[in-house]
Asks: 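First the structure, then my questions, so here it is.
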There are 2 protein chains.
Amino acid sequence: MDALTSAQLEAFRKGMEPYVVFNEAEWIVFIQHITLHNFKKKQLFAEAGKVCNHFGFVLKGSVRYYHIKDGVDITGYFSFENEFVSSYKSFLTGEPATNYIEALEPSQIIIISKKNMELMLNNPMLAYKMERFGRLVAEHYLICYEERISSFITQTPEERYLKLLQTGREILQRMPQHYIANFLGITPVSLSRIRKRILVEK
Amino acid sequence: MDALTSAQLEAFRKGMEPYVVFNEAEWIVFIQHITLHNFKKKQLFAEAGKVCNHFGFVLKGSVRYYHIKDGVDITGYFSFENEFVSSYKSFLTGEPATNYIEALEPSQIIIISKKNMELMLNNPMLAYKMERFGRLVAEHYLICYEERISSFITQTPEERYLKLLQTGREILQRMPQHYIANFLGITPVSLSRIRKRILVEK
DNA sequence: TCAAAACGTTAACAAAAGATAAGAATTTAG
DNA sequence: CTAAATTCTTATCTTTTGTTAACGTTTTGA
């Protein structure tokens with residue numbers, strides 16, 4: 001846990017703009033409830049079996065969400081810079097998480113603990129904006145997830161991959177292929193075949 | 001669009017309790033922003049290509065979310081009594097919906113238009129509770145969707161069906177099997193085979 | 001720097017799912 | 001009440017995916 005530089009604070013403030021804009025007085029109180037954590041590569045942000053009592057904002061770096069099923073690591077999602085990160089279900093319900101989240105590279109993550117989130121939600125000075133903030137963040141992910149579920153319902157793995165080629169620049173550029181395969185709901189071997197099929201068809 | 005009986009209002013108030021509790025003054029203003037609609041079987045609540053400018057609460061009945069892909073109807077989700085219903089992405093972003101929502105039986109749905117939602121979010125008397133309400137509803141679906149995505153990533157269709165047997169009482173009892181198949185991300189023929197496989201294995 | 005680990009492709013085979021069609025049972029609607 | 005539509009199962013065939021293993025390449029970390 002480290003002190004935040006003013007540049008980091010500015011980046012955070014700007015990154016949150018789509019979700020919440022604080023005035024100066026609010027900001028001063030708000031930043032008393034956040035901490036900066038430096039994660040080493042592979043360091044865990046959340047762990048299956050443990051309650052995830054915090055959520056974060058990726059200031060620098062990236063994280064990978066994964067499950068372990070029958071001893072096998074299966075990647076479910078990623079968060080990159082300027083995105084939020086949490087094992088949401090665990091954070092929101094207080095139940096143990098069922099997935100892991102790890103830093104994929106040395107990462108700076110701003111963290112708000114559940115306790116501090118609740119303090120702010122109960123602080124008259126911040127309550128309204130924090131409720132709104134929570135709503136907009138949840139809605140943002142709701143939309144992402146709705147689209148992702150649609151893709152599993154209506155598309156074949158090949159169609160999902162072709163769609164990712166159009167829209168998933170960051171994932172394609174920064175993630176190894178076997179993570180992408182898991183993300184698409186298939187095995188790495190199968191994705192390798194799909195890629196070959198697409199090449200031949202062209 | 002019909003007038004709400006006091007019994008219906010009470011049922012609505014109670015159904016929303018997990019998300020929002022209004023005092024009497026707030027409630028009086030709130031209910032000026034809602035309407036009751038009676039849907040006939042197969043009547044559309046939302047339509048692909050059109051913006052979904054409303055969201056609802058299923059007071060009685062049930063609805064089905066579906067896509068049409070290459071002329072084929074694919075069921076993605078259901079909402080039952082005491083659940084919310086909307087083509088959320090469209091409602092939240094103002095973009096045209098990509099899916100349809102239809103009543104599966106004669107249904108009573110309480111509707112809040114986008115315009116009225118915005119009026120309430122901007123009304124100082126209700127703003128805080130409406131932000132909170134929106135947050136809790138969005139978080140509720142976020143959790144549902146997160147679990148659903150996990151199931152596509154980590155489970156086989158057979159495992160998803162077995163899980164549904166344990167937890168999906170309402171869907172299993174009330175939905176025809178080909179809707180359930182789509183919901184699980186497979187074809188009706190495939191679900192029929194899975195069911196046979198499970199019987200034989202027992 | 002160098003051995004170990006991770007990564008992507010390919011092959012071979014098994015298992016599962018998709019597509020299509022046919023037929024029986026059930027439900028729906030006029 | 002009855003014809004039409006819907007639903008579910010089954011069969012056949014094709015396509016795709018999963019599994020396992022091997023191999024060369026690249027990356028990683030001590």
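Chain naming here is simple, since letters A, B, ... match the order of the sequence lines and numbering starts at 1 in each.
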Asks: Think A:Arg195 has a side-chain N or O under 4.0 angstrom from the OP1 or OP2 of C:dG8?
Replies: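 A:Arg195 to C:dG8 OP1/OP2: no side-chain N or O under 4.0 Å.
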Asks: Between B:Ile186 and A:Lys42, who's closer to the 5' end of DNA chain C by nearest nucleotide?
Replies: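 Mapping each residue to its closest nucleotide by heavy atoms, the 5'-most match is A:Lys42.
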Asks: Quick check on A:Lys114: does its NZ atom have over 12 non-hydrogen neighbours (other residues, nucleotides or ligands) under 6.0 Å away?
Replies: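 Count over threshold, so yes.
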Asks: Can you check the A:Lys40 NZ to D:dG29 P distance for me, whole Å?
Replies: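 Value for this atom pair: 13 Å.
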Asks: Could you state the atom-to-atom distance from CG of B:Leu191 to C1' of D:dT10 in whole Å?
Replies: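 About 14 Å, once rounded to whole Å.
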Asks: Output the rounded distance in Å from NZ (B:Lys196) to P (C:dA17).
Replies: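 Those two atoms, NZ and P, are 15 Å apart.
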Asks: Can you spot which of B:Tyr19, B:Phe45, B:Phe133, B:Phe84 makes a ring-ring contact (aromatic ring centres under 6.0 Å, His included) with B:Phe57?
Replies: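 Passing option: B:Phe84.
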Asks: So does A:Arg193 reach the base of C:dG8 with its side chain, donor to acceptor, closer than 3.5 Å?
Replies: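 Check fails, no donor-acceptor contact within cut-off.
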Asks: Select base, sugar-phosphate, or nothing to describe what B:Pro188 touches, counting heavy atoms under 4.0 Å on all strands.
Replies: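 Touches nothing.
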Asks: Nearest whole angstrom, please: distance from the P of C:dG8 to the CG of A:Asn182.
Replies: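 That distance rounds to 11 Å.
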Asks: Could you give the CE-to-P distance, from A:Met175 to C:dA6, as a whole number of Å?
Replies: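 After rounding, the reported distance stands at 17 Å.
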Asks: Nearest to the side chain of A:Lys41, which nucleotide is it out of C:dG8, C:dT28, D:dT28?
Replies: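 Closest of the options to the side chain of A:Lys41: D:dT28.
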Asks: Using a cut-off of strictly less than 4.0 Å, decide whether A:Thr187 has a side-chain nitrogen or oxygen near OP1 or OP2 of D:dT17.
Replies: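 For D:dT17, OP1/OP2 do not have a side-chain N/O of A:Thr187 under 4.0 Å.
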Asks: In whole Å, what is the span from the CD atom of A:Glu159 to the P atom of D:dT17?
Replies: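 Whole-Å distance recorded here is 11 Å.
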Asks: Of the candidate nucleotides D:dT19, C:dA16, D:dC8, which contains the atom at the shortest distance from the side chain of B:Arg197?
Replies: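 Nearest to the side-chain atoms of B:Arg197, counting from C-beta on, is C:dA16.
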Asks: Looking only at the side chain of B:Ser190 (C-beta and beyond, no hydrogens), which of the listed nucleotides C:dG8, D:dT7, C:dA17 gets closest?
Replies: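 Side chain of B:Ser190 sits closest to C:dA17.
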Asks: Determine the contact category for B:Ser192: base if any of its heavy atoms lies under 4.0 Å from a base atom, sugar-phosphate if only primed atoms, P, OP1 or OP2 are that close, otherwise nothing.
Replies: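 Base contact.
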Asks: If you compare every side-chain N and O of B:Gln177 against the phosphate oxygens of D:dT6 (OP1, OP2), does one of them come in below 4.0 Å?
Replies: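 Negative; the distance criterion is not met.
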Asks: Where the side chain of B:Val189 is concerned, which of C:dT20, D:dT28, C:dG18 is the nearest nucleotide?
Replies: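 Closest nucleotide among those given: C:dT20.
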Asks: Do the charged groups of B:Arg135 and B:Glu139 touch, with an N to O distance under 4.0 Å?
Replies: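 Yes, this pair counts.
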Asks: How long is the line joining CD of A:Gln155 and C1' of D:dT16, in whole Å?
Replies: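 Whole-Å distance recorded here is 17 Å.
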Asks: Rounding to a whole Å, what distance do you find between A:Ile194:CD1 and C:dT10:P?
Replies: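 Result: 14 Å.
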Asks: Evaluate the ring planes of B:Tyr145 and B:Tyr77, with Trp represented by its six-membered ring, and classify them as parallel (under 30°), tilted (30 to 60°) or perpendicular (over 60°).
Replies: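 Perpendicular: the ring planes of B:Tyr145 and B:Tyr77 meet at over 60°.
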Asks: In terms of the angle between their ring planes, are A:His37 and A:Phe39 parallel, tilted or perpendicular, with boundaries placed at 30° and 60°?
Replies: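 The arrangement is tilted - the two ring planes meet at 30° to 60°.
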Asks: Does a side-chain N or O from A:His178 land closer than 4.0 Å to OP1 or OP2 of C:dG8, or not?
Replies: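 For C:dG8, OP1/OP2 do have a side-chain N/O of A:His178 under 4.0 Å.
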